[in-house]
S.K.: 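The structure follows.
Note that ligands are numbered from 1 as they come in the structure, with each ligand's atoms numbered from 1 the same way.
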Amino acid sequence: MTFKSTTTAIPEVRATPRHIAIIMDGNGRWARQRMLPRVAGHKRGVESVRATVRACIERGVEHLTLFAFSSENWRRPAAEVDTLMELFVLALEREVDKLHQNGVRLRIVGDLERFGPRLNKLISEGEVQTRGNERLTLNIAANYGGRWDILQAVNRLLRERGTDEPVCEADLASRLCLADAPEPDLFIRTGGEQRISNFLLWQLAYTELYFTDTLWPDFDAAALDAAIESYRRRERRFGRTSEQLSQNTAAAETLVKP
Ligand code: IPE
Ligand code: IPE
Ligand code: MG
């Protein structure tokens, strides 16, 4: 299923975001504050992932996209990259059954070619096992970059279209990694930095941005609720004026559904 984009149609605005995208940042600093090696922060971060997935299911969020490893994170020391890959393998081995029992559809999005055969096998097995689930779609962005995503979509477009007719938004959007999800309503970045770091460049066009100093290993259901509270106070205008929204109460009401 493809969704209309926020720039071609005004979406229905619900009190609970349908799609939340999170940059899980601050693991290294969390560990350093405790005189622990950085990887201890990554290990602890897996617990925050569990808590966030659970909280999203309970709150009726439909899509959760987590930035686990960026296309630029290969620049880190080899030992840290290796540990992150091992953690990824372990998480897949340990968590997929539980995700499946909880009705979660798992997708790994990113350039998977750079991962070894063992990881690729676990990824495709996890995706196949959970593909019929409908409660929550959990997208893990791994070796993902927003520019890579747009480029791979453009290259597919060039391969698949035998014409030089102008392309429209939908032609490109339907070839992006998250083509089967509505654009994120809410973006959260933990760890205090206020930047996008090459995450979902196309999809964040009208997403509400929320930055918190909370480090990812400390993120939990209460922190998620604080982000959703902030989201509920936003006026999502999609280019219109505030007056348009308040004058046309009837139309606005049809846009706001719990
Ligand atoms: C985020 O935490 C996890 C990954 C990028 C893999 P960091 O490792 O970036 O933690 P800080 O930003 O150094 O504290
Ligand atoms: C962004 O965090 C990527 C992930 C959380 C996976 P980084 O810690 O890599 O971002 P920068 O380098 O500080 O922008
Ligand atoms: Mg960081």
S.K.: Please confirm whether Glu193 comes under 4.0 Å of ligand 2, counting heavy atoms of the residue only.
M.R.: no
S.K.: Quick check: of its N, O or S atoms, which one does Asp25 have closest to the Mg ion (ligand 3)?
M.R.: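 Of all N, O or S atoms in Asp25, the Mg ion (ligand 3) lies closest to OD1.
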S.K.: In terms of residue, atom name and distance, what is the protein heavy atom nearest to atom 9 (O) of ligand 2?
M.R.: Asn73 ND2, 2.9 Å
S.K.: Between Thr130 (side chain only) and Leu106 (backbone N and O only), is there a donor and an acceptor less than 3.5 Å apart?
M.R.: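 Yes: the side chain of Thr130 pairs with the backbone of Leu106.
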S.K.: What's the shortest distance from atom 5 (C) of ligand 2 to any protein heavy atom, and which residue and atom give it?
M.R.: Met24 O, 3.4 Å
S.K.: Verify, without hydrogens or angle tests, whether Thr190 (side chain) and Leu215 (backbone) share a donor-acceptor contact under 3.5 angstrom.
M.R.: no
S.K.: So for atom CZ, which belongs to Arg234, do other residues, nucleotides or ligands contribute more than 12 heavy atoms lying within a distance under 6.0 Å?
M.R.: yes
S.K.: Do me a favour and list the nearest non-hydrogen protein atom to atom 1 (C) of ligand 2 with residue, atom name and distance?
M.R.: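 Nearest neighbour among protein heavy atoms for atom 1 (C) of ligand 2, to 0.1 Å: Ile23 CG2, 3.8 Å.
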S.K.: Between Asp218 (side chain) and Thr214 (backbone), is there a donor-acceptor pair under 3.5 Å?
M.R.: no
S.K.: Surrounding CZ of Arg161 (heavy atoms of other residues, nucleotides or ligands, distance under 6.0 Å), is the total greater than 12?
M.R.: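 Count over threshold, so yes.
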S.K.: With heavy atoms of Arg38 as the reference, note each atom of ligand 1 found under 4.0 Å away.
M.R.: 7 (P), 8 (O), 10 (O), 13 (O)
S.K.: Just to confirm my output: which protein heavy-atom neighbour is closest to atom 13 (O) of ligand 2, and how far is it?
M.R.: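 So the nearest neighbour among protein heavy atoms is Arg195 NH2, 2.8 Å.
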S.K.: For Phe187 and Phe211, take the angle between the two ring planes, folded into 0 to 90°, and tell me which bin it lands in: parallel under 30, tilted 30 to 60, perpendicular over 60.
M.R.: perpendicular
S.K.: Short N/O distance, under 3.5 Å, between Arg29 and ligand 1?
M.R.: yes
S.K.: Please confirm whether the backbone N or O of Gly191 pairs with a side-chain atom of Arg29, one donor and one acceptor, at under 3.5 Å?
M.R.: yes
S.K.: For atom 10 (O) of ligand 1, which protein heavy atom lies nearest, and how many Å away is it?
M.R.: Gly28 N, 2.9 Å
S.K.: Is there an N/O/S atom in Glu193 at a distance below 2.8 Å from the Mg ion (ligand 3)?
M.R.: no
S.K.: Quick one: which ligand 2 atoms are inside 4.0 Å of a heavy atom on Asp25?
M.R.: 2 (O), 8 (O)
S.K.: Quick test of your reading of the model: are Glu125 and Lys121 salt-bridged, counting only N-O distances below 4.0 Å?
M.R.: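 Counted as a salt bridge, because a side-chain N and a carboxylate O are separated by less than 4.0 Å.
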S.K.: If we only consider heavy atoms of Gly191, is any one of them less than 4.0 Å away from an atom in ligand 1?
M.R.: no
S.K.: Starting from atom 2 (O) of ligand 1, what is the nearest protein heavy atom, named by residue and atom, and what distance separates them?
M.R.: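 For atom 2 (O) of ligand 1, the nearest protein heavy atom is Asn27 N, 3.2 Å.
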S.K.: May I ask you to identify, for Ala68, whether its side chain, its backbone, both or neither come under 4.0 Å of ligand 2 on a heavy-atom basis?
M.R.: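 Answer for Ala68: backbone.
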S.K.: So if I count the atoms of ligand 2 from 1 in the order they appear, which ones are less than 4.0 Å from some heavy atom of Ser197?
M.R.: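 Answer for ligand 2: 10 (O), 11 (P), 14 (O).
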S.K.: Look at Arg118 together with Glu93 and state whether they make a salt bridge at an N to O cut-off of under 4.0 Å.
M.R.: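 The answer is yes: the pair qualifies as a salt bridge.
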S.K.: Any atom of ligand 1 sitting under 4.0 Å from a heavy atom of Arg32?
M.R.: no
S.K.: Please verify whether a non-hydrogen atom of Arg76 lies at under 4.0 Å from ligand 2.
M.R.: yes
S.K.: Yes or no: does Arg189 have any heavy atom under 4.0 Å from an atom of ligand 2?
M.R.: yes
S.K.: Should the proximity of Phe69 to ligand 2, defined as any heavy atom under 4.0 Å, be assigned to the side chain, the backbone, both, or neither?
M.R.: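 Phe69 to ligand 2: backbone contact only, side chain stays beyond 4.0 Å.
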S.K.: Could you go step by step and tell me if Thr207 and Glu183 meet the side-chain hydrogen bond (donor to acceptor under 3.5 Å, both in side chains) rule?
M.R.: CA-CA 7 Å; Thr207 302; Glu183 290 169 26; 5.9 Å; no
S.K.: With a heavy-atom distance limit of 4.0 Å, tell me whether Glu72 approaches ligand 2 through its side chain, its backbone, both, or neither.
M.R.: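 Glu72 to ligand 2: no contact under 4.0 Å from either part.
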S.K.: Decide if atom CD of Glu160 counts as having more than 12 heavy atoms of other residues, nucleotides or ligands within a radius under 6.0 Å.
M.R.: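 Atom CD in Glu160 is crowded, with more than 12 foreign heavy atoms closer than 6.0 Å.
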S.K.: Evaluate the ring planes of Tyr144 and Phe67, with Trp represented by its six-membered ring, and classify them as parallel (under 30°), tilted (30 to 60°) or perpendicular (over 60°).
M.R.: perpendicular
